[in-house]
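All ligand and atom numbering here is 1-based and tracks the order in the structure. Count residues from 1 along the sequence. What you see is a predicted model, and the numbers here were worked out from it, not measured in a lab. Reckoned from all heavy atoms, side chains included, excluding hydrogens, waters and symmetry mates.
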Amino acid sequence: MEKQIEKLKNEKKAVILAHYYAPEEAQRVADYVGDSFYLAKVAKKTTADIIVFCGVSFMGESAKILNPEKKVLMPDLSADCPMAHMVKPGKIEEMRSRFSDLAVVCYINSTAELKCQSDVCVTSSNAVKIVRALPNKNIFFIPDRNLGRFVAEQVPEKNIILNDGFCPIHAAITKESLQALKNEHPYAEVLAHPECEPEVLKISHYIGSTSDIIDYAKKSEGKEFIICTEDGVNCKLASDNPDKKFFFVSPAPCCKDMKLNTLENILSVLEKEDKVVEIDEDTREAALVPLNRMLECAG
Ligand code: 13P
Ligand code: SF4
């Protein structure tokens, strides 16, 4: 199947992008594998005619918003991120009416409709940098309360108002399960994604995006690591560091939506070109503004 995918990809001038949470088989056939920020940059620059995005809907949507003239396909259009919808209707307008200088900062894990109402997008690898550089004092950070809280701790000079969204996969990593694993591996360094709950972050050694975690593990002289994020990152961690050990809490955090990006679905979408990401032009133009602002601010 991998050979058929390769052949079709070349014939159709397609490029395959995969997030670190996609199944190992998808990461293997992908031209680019990375975190949300890296993949957004790749999607903006690619010269391919077709982008096959092995991720979840907000990632495919962002690729389409940045690249309206390209065909963006997803191996399974139902792959969605529940957190992307977790802002109550009317909440943004309510906050804007309460603070005249409000900036709405939108984690890229959000629907195109939410992006349209926001001033700037961020990802977990650039949120601190972007929020710190904003001229506004009052920030409404949507949808993730945990990334928002982490940013607020790093940028205490801002008044960051949190929204009550969260990632169910990261929220399922409990302090108790992490502590039990720490007891089993007392020398392991704990590397956590900022989407984890605060009590997990409090007992972690390092907090960063998926690529930050991967970079940290590579550079560290440590030999054992407990990884508090989705278990798809293990492919890159293991291949970069054959002499190091990586442990995940049990049951291993698994984003079932990301796992819809199977080889069968990739081959099928390349053959049929049927799972097309579509966004109406008004929404696309409005959502492009905060996405472009993120790309400019993060450099
Ligand atoms: P990254 O910003 O590390 O790619 O994380 C995206 C994500 O969905 C985390 O759950
Ligand atoms: Fe969304 Fe969580 Fe899956 Fe990331 S891991 S795509 S935040 S549900």
Protein heavy atom at shortest distance from [atom]:
atom                    : value
atom 6 (C) of ligand 1  : S36 OG, 3.3 Å
atom 3 (Fe) of ligand 2 : C255 SG, 2.4 Å
atom 5 (O) of ligand 1  : H193 NE2, 3.2 Å
atom 2 (O) of ligand 1  : S124 OG, 2.6 Å
atom 4 (Fe) of ligand 2 : Y21 CE1, 3.8 Å

**Prompt:** CG of N265 to CG of L270: how many Å apart, nearest 0.5 Å?
**Reply:** 11.0 Å
**Minimum heavy-atom distance between G208 and P194, given as atom pair plus value** = O-CD, 3.2 Å
**Asked** Closest heavy-atom contact between C121 and M294?
**Response** O-CB, 3.0 Å
**Item:** Close approach of E195 to ligand 2, heavy atoms, under 4.0 angstrom
**Value:** yes
**Asked** With atoms numbered from 1 as shown, which atoms in ligand 2 lie under 4.0 angstrom from a non-hydrogen atom of P82?
**Response** 8 (S)
**Request:** For C167, take its heavy atoms, then give the atoms of ligand 2 lying under 4.0 Å from any of them.
**Result:** 2 (Fe), 5 (S), 7 (S), 8 (S)
**Item:** F247, CZ: over 12 other non-hydrogen atoms inside 6.0 angstrom
**Value:** yes
**Request:** Show the numbers, then the answer: is there a salt bridge (Lys or Arg N to Asp or Glu O under 4.0 Å) between D76 and K259?
**Result:** CA-CA 10 Å; D76 189 323; K259 303 309 182 211; over 6 Å; no
**Asked** What class does the angle between the rings of Y107 and F141 fall in, given that below 30° is parallel, 30 to 60° is tilted and above 60° is perpendicular?
**Response** tilted
**Request:** Check the angle between the aromatic planes of H170 and Y21 and answer parallel, tilted or perpendicular using the 30° and 60° thresholds.
**Result:** tilted
**Message:** Below a 4.0 angstrom heavy-atom separation, can you tell me which part of N109, side chain or backbone, both or neither, approaches ligand 2?
**Reply:** side chain
**Message:** Under the criterion salt bridge (Lys or Arg N to Asp or Glu O under 4.0 Å), I'd like the reasoning laid out for K9 against E6: C-alpha separation, chi angles, the key distance, then a yes or no.
**Reply:** CA-CA 5 Å; K9 199 181 73 178; E6 186 68 25; 3.5 Å; yes
**Prompt:** Should the pair K71-D49 be classified as a salt bridge under the 4.0 Å nitrogen-to-oxygen rule?
**Reply:** no
N/O to N/O below 3.5 Å, does that happen between [X] and ligand 1?
X    : value
H19  : yes
S209 : no
S211 : no
E195 : yes

**Message:** Which of the numbered atoms in ligand 1 are under 4.0 angstrom from any heavy atom belonging to T210?
**Reply:** 1 (P), 3 (O), 4 (O)
Residue part near ligand 1, for [X], under 4.0 Å between non-hydrogen atoms:
X    : answer
E230 : neither
Y21  : side chain
N109 : side chain

**Message:** Determine whether D119 and R96 satisfy the following criterion, salt bridge (Lys or Arg N to Asp or Glu O under 4.0 Å), listing intermediate values before the conclusion.
**Reply:** CA-CA 11 Å; D119 297 296; R96 286 207 193 272; 3.2 Å; yes
**Item:** Non-hydrogen side-chain atoms of N109 and E195 separated by less than 4.5 Å
**Value:** yes
**Asked** Counting backbone and side chain alike, does C81 bring an N/O/S atom below 2.8 Å of atom 2 (Fe) of ligand 2?
**Response** no
**Asked** Would I161 and I139 show up in the same hydrophobic cluster when neighbours are defined by side-chain heavy atoms closer than 4.5 Å?
**Response** no
**Asked** Does at least one non-hydrogen atom of M258 fall below 4.0 angstrom from an atom of ligand 1?
**Response** no
